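One structure is given here, and the rest of the page talks about it.
Worth saying up front: this structure is predicted, and the values here are computed from it rather than measured. Throughout, residue positions are numbered sequentially from 1 according to the sequence presented.
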Amino acid sequence: PEIDVPAPDVNTNEQTMAWVMDTYSLRAGHTQTAVVTGKPIDLGGSRGRTEATGRGCMVVTQEAMKRLGLERANTRVVIQGFGNVGGMAARLMARAGFKIIAIVEYDGTVYNENGLDIRALSEHRQKTGSILEFPEGQDLSRDEGLYLETDVLMPAARENVITSENA
């Protein structure tokens, strides 16, 4: 039989998953740690779970690039989303030497043709609540970000961003 194990997604986190596990366990009459993933490590969570999806995006991109003969430093990357998946992919890819030229979020795009400093952009968003008005980038609309000339477009947030109309 097919088994679905809930995992954190938009607007959920380790704490939410712990609550789901606790609620399920109370109804079952005993602790059921395997009912969800993404819970805190001290409740049976997995090390590396937070990074796993973003790391997977990077690994898949690297494998595709090998097949296409593309080099990291010369490959322009646009990432749609800067949350757990897109943000983690951006941080890992920047560390690995990818040139991330744009991040597309719900409120717009930040772009730098020479590559964005992802660490500085993360700090900017923490301070301001937005990626926009980043001193080292140019603000564009969300739609403009999806149409930038790039080698890799990584949809790493909400679904239905790539449609038959914009593909």
Side-chain angles (χ1 to χ4, degrees), residues 4-21 33 36-68 70-140 142 145-146 148 150-162:
D4 291 324
V5 178
D9 201 354
V10 177
N11 298 320
T12 63
N13 57 23
E14 286 185 340
Q15 180 63 62
T16 308
M17 303 305 6
W19 289 332
V20 171
M21 183 196 84
T33 59
V36 297
T37 187
K39 58 197 167 290
I41 295 206
D42 60 339
L43 292 178
S46 301
R47 293 192 192 285
R49 167 64 185 88
T50 302
E51 300 87 358
T53 309
R55 185 177 311 282
C57 289
M58 180 181 77
V59 169
V60 167
T61 301
Q62 287 173 320
E63 292 303 311
M65 289 172 54
K66 281 181 196 174
R67 289 179 181 239
L68 297 170
L70 298 173
E71 297 293 322
R72 289 180 195 174
N74 300 322
T75 301
R76 297 162 302 170
V77 179
V78 173
I79 300 176
Q80 178 263 332
F82 203 52
N84 183 53
V85 177
M88 185 57 65
R91 284 188 285 284
L92 293 170
M93 291 173 83
R95 268 190 248 144
F98 286 86
K99 184 161 95 172
I100 301 167
I101 63 167
I103 300 290
V104 182
E105 272 278 77
Y106 67 94
D107 57 347
T109 299
V110 63
Y111 167 73
N112 183 324
E113 68 181 5
N114 298 314
L116 293 165
D117 179 339
I118 298 302
R119 177 174 282 158
L121 179 59
S122 294
E123 290 171 6
H124 171 78
R125 188 174 79 170
Q126 261 189 330
K127 288 178 189 169
T128 68
S130 175
I131 61 170
L132 300 179
E133 298 182 17
F134 180 55
E136 300 169 33
Q138 173 186 353
D139 289 347
L140 303 172
R142 184 177 63 194
L146 294 175
L148 288 167
T150 189
D151 302 299
V152 174
L153 172 60
M154 179 184 295
R158 295 188 179 240
E159 68 279 351
N160 300 320
V161 172
I162 308 300

Check whether any side-chain heavy atom of [X] sits under 4.5 Å from a side-chain heavy atom of [Y], and report yes or no.
{"X": "Val104", "Y": "Val161", "value": "no"}
{"X": "Ile103", "Y": "Phe134", "value": "no"}
{"X": "Leu146", "Y": "Gln80", "value": "yes"}
{"X": "Gln62", "Y": "Met93", "value": "no"}
{"X": "Val36", "Y": "Trp19", "value": "no"}
{"X": "Thr61", "Y": "Phe98", "value": "yes"}

Test log, rule side-chain contact (heavy atoms from CB on, under 4.5 Å), inputs Met88 and Thr53: CA-CA 8 Å; Met88 185 57 65; Thr53 309; over 6 Å; no
Non-hydrogen atoms of [X] and [Y] that approach each other most closely:
{"X": "Gly145", "Y": "Val78", "answer": "O-CG1, 3.6 Å"}
{"X": "Met21", "Y": "Leu43", "answer": "SD-O, 4.1 Å"}
{"X": "Gly83", "Y": "Arg125", "answer": "N-NH1, 4.4 Å"}
{"X": "Glu14", "Y": "Pro40", "answer": "O-CD, 3.5 Å"}
{"X": "Ser130", "Y": "His124", "answer": "O-CD2, 3.2 Å"}
{"X": "Ile79", "Y": "Ala156", "answer": "CG2-CB, 4.2 Å"}

Flag, side chain of [X] to backbone of [Y], donor-acceptor distance under 3.5 Å:
{"X": "Arg76", "Y": "Leu148", "value": "no"}
{"X": "Arg55", "Y": "Leu92", "value": "no"}
{"X": "Asn112", "Y": "Gly137", "value": "no"}

Given the rule in the side-chain contact (heavy atoms from CB on, under 4.5 Å) test, do Asp139 and Glu133 qualify, once you have shown the distances and angles that lead to the verdict? CA-CA 7 Å; Asp139 289 347; Glu133 298 182 17; 3.7 Å; yes
Distance check, rounded to the nearest 0.5 Å: [X] atom [atom1] versus [Y] atom [atom2]?
{"X": "Leu70", "Y": "Thr75", "atom1": "CG", "atom2": "OG1", "answer": "4.5 Å"}
{"X": "Met58", "Y": "Arg91", "atom1": "CE", "atom2": "CZ", "answer": "12.5 Å"}
{"X": "Asp151", "Y": "Arg72", "atom1": "CG", "atom2": "CZ", "answer": "14.5 Å"}
{"X": "Glu136", "Y": "Asn114", "atom1": "CD", "atom2": "CG", "answer": "11.0 Å"}

How far apart are the C-alpha atoms of Met17 and Thr37, what are their side-chain angles, what is the distance that settles it, and do they pass the side-chain contact (heavy atoms from CB on, under 4.5 Å) test? CA-CA 7 Å; Met17 303 305 6; Thr37 187; over 6 Å; no
Among all residues two or more places apart in sequence or in another chain, which pass the salt bridge (Lys or Arg N to Asp or Glu O under 4.0 Å) test with Glu71?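 With neighbours one apart ignored, the set is empty.
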